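A quick write-up on the structure given underneath.
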Amino acid sequence: MTAADSGVVRETTLPTFDGQIKQINELFEDTGISDDDQINAVESIMRTPNHTSSYNVKRLQMDR
């Protein structure tokens, strides 16, 4: 059974806070985007419901 709530335990690995900050800094590295605009972009992603957050991060990476 692979459906939601199937009782299968899935091990997830989440990056540490420091790791998340490092990834964000790498995302904006050498882009010329101001600090304020970087903060606005990250805050916008953070406010997005979880089911679309990874899509928005990928979209930002593609726009680089």
Side-chain angles (χ1 to χ4, degrees):
M1 202 178 334
T2 58
D5 297 324
S6 63
V8 176
V9 176
R10 296 170 201 237
E11 193 171 320
T12 59
T13 306
L14 298 174
T16 62
F17 184 72
D18 288 339
Q20 291 174 357
I21 296 300
K22 182 180 176 186
Q23 287 178 333
I24 291 168
N25 287 335
E26 289 172 357
L27 177 66
F28 290 108
E29 194 171 82
D30 298 325
T31 60
I33 299 173
S34 72
D35 289 346
D36 287 339
D37 287 342
Q38 291 177 34
I39 291 168
N40 287 334
V42 171
E43 286 178 346
S44 175
I45 292 169
M46 299 292 287
R47 287 189 196 107
T48 304
N50 288 336
H51 66 282
T52 59
S53 293
S54 61
Y55 166 79
N56 287 331
V57 170
K58 288 177 186 171
R59 191 184 76 204
L60 273 175
Q61 290 171 335
M62 290 172 41
D63 290 344
R64 282 184 73 185

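Since the model is a prediction, treat every value here as computed from it, not as a measurement.
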With a 3.5 Å cut-off and sequence neighbours excluded, list the donor-acceptor pairs that the side chains of residues 14-25 form with protein atoms.
{"from": "T16", "atom 1": "OG1", "to": "G19", "atom 2": "N", "distance (Å)": "3.0"}
{"from": "N25", "atom 1": "ND2", "to": "I21", "atom 2": "O", "distance (Å)": "3.4"}

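Here S34 pairs with D37 under the side chain to side chain donor-acceptor pair (under 3.5 Å) rule; sequence neighbours left out.
Rounded to the nearest 0.5 Å, atoms CD1 (I33) and CG (N40) are 11.0 Å apart.
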